[in-house]
Amino acid sequence: MAKINKIFSNILRLLAVAATVVAIVFMVTSHDSAQVLNLTFTAKYSYTPAFKFFVVGEAIAGGYTVISILLSFKTLFWRIIVFLDMVATVLLASSISAALAIAQVGKKGSAHAGWLPVCGQVPHFCDRVTVALLAGFAAAVIYFVILLCSLYAVL
């Protein structure tokens, strides 16, 4: 049973790496420009701290996942792997939450703050950010399942 759990966990970890890589690639390559009243308006992920946090969080979780796949064959590291699985899950959840909040403001604007939506002017940027957020959400869900598998293996 433990061998099946380890195989299932490693398959989930590979899926999580794939999701984080997709999220990073789409977020980092998201940029678009629009001209409004003869002024060029450029949208990039690096202009928003929440999107930077999203990329860094995804990169840390993806890097940890690769290391944890390599360490999963060593039985001495199981306690630290369970703890770090929890940290990675929380990091992914917090980074996707921050990025989703900013993406919502970009898509819908905020009438109370006087912020206008920008997705009508830079749709290519918003489409790529949407794909990145979907992949990041998938990574967070996969990591939650990994955490449950790790806890099940420990208990």
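Below, all heavy atoms of this structure are taken into account, side chains as well, without hydrogens, waters or symmetry copies.
A donor-acceptor distance shorter than 3.5 angstrom exists from the side chain of Tyr64 to the backbone of Ile81, with no hydrogens or angles considered. Looking only at distances, no side-chain donor or acceptor of Asp32 sits under 3.5 Å from a matching main-chain atom of Ala43.
Residues Gly136 and Ala23 share a closest heavy-atom pair of N-CB, 3.7 Å. Considering all non-hydrogen atoms of both residues, Ala103 and Leu133 come closest at CB-CD1, 3.5 Å. The minimum heavy-atom distance linking Thr20 with Gly62 is given by the pair OG1-CA, 3.6 Å. In terms of heavy atoms, Thr89 sits closest to Tyr143 at OG1-O, 3.3 Å. Between Ala16 and Ala139, the shortest heavy-atom distance links the atoms O-CB, 4.3 Å.
In this structure, Ile11 CD1 and Ile142 CD1 are separated by 12.0 Å, a value rounded to the nearest 0.5 Å. Between atom CD of residue Glu58 and atom CD1 of residue Ile96 there is a gap of 6.5 Å, rounded to the nearest 0.5 Å. Atom-to-atom distance recorded for Ser150:OG and Phe83:CZ is 13.0 Å, nearest 0.5 angstrom. Put simply, OG1 on Thr65 and CD1 on Ile60 are 11.5 Å apart, with the number rounded to the nearest 0.5 Å. To the nearest 0.5 Å, atom CG of residue Asp85 and atom CG of residue Leu12 are 10.5 Å apart.
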- Intermediate values then yes/no, side-chain contact (heavy atoms from CB on, under 4.5 Å), Thr130 and Phe26: CA-CA 9 Å; Thr130 300; Phe26 271 86; over 6 Å; no
- Steps toward side-chain contact (heavy atoms from CB on, under 4.5 Å) verdict (Tyr45, Val129): CA-CA 8 Å; Tyr45 91 97; Val129 167; 5.7 Å; no
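In this structure, the side chains of Leu100 and Phe54 stay at 4.5 Å or more apart for every pair of heavy atoms. Using a 4.5 Å cut-off on side-chain heavy atoms (C-beta onward), Ser33 and Phe41 make no contact. Using a 4.5 Å cut-off on side-chain heavy atoms (C-beta onward), Lys107 and Val118 make no contact. Side-chain contact between Thr42 and Tyr47 is present, with heavy atoms from C-beta onward closer than 4.5 Å.
Residues meeting the side chain to side chain donor-acceptor pair (under 3.5 Å) test with Thr29, sequence neighbours left out: Arg128. Partners of Ser9 according to the side chain to side chain donor-acceptor pair (under 3.5 Å) rule, which considers only residues two or more places apart in sequence or in another chain, are Arg13. Applying the side chain to side chain donor-acceptor pair (under 3.5 Å) rule to Ser30 yields no partners; only residues at least two apart in sequence or on another chain are considered.
When the shell of 6.0 Å around CZ of Phe53 is examined, it contains more than 12 heavy atoms from other residues, nucleotides or ligands.
By the rule that hydrophobic residues join a cluster once side-chain heavy atoms approach within less than 4.5 Å of another member, Val145 and Leu147 end up as members of one cluster. With hydrophobic clusters built from ILVMFWY side chains whose heavy atoms lie under 4.5 angstrom apart, Ile80 shares a cluster with Leu151. Cluster annotation: Leu15 and Ile67 are assigned to the same hydrophobic cluster (Ile/Leu/Val/Met/Phe/Trp/Tyr, side-chain heavy-atom contacts under 4.5 Å, transitive). Taking hydrophobic clusters as Ile, Leu, Val, Met, Phe, Trp and Tyr residues chained together by side-chain heavy-atom distances below 4.5 Å, Val82 shares a cluster with Leu84. Hydrophobic clustering of Ile, Leu, Val, Met, Phe, Trp and Tyr side chains at less than 4.5 Å, counting indirect connections, keeps Met86 apart from Leu148.
The one candidate from His31, Lys52, Met27 that meets the side chain to side chain contact (heavy atoms under 4.5 Å, CB included) condition with Ser46 is Lys52.
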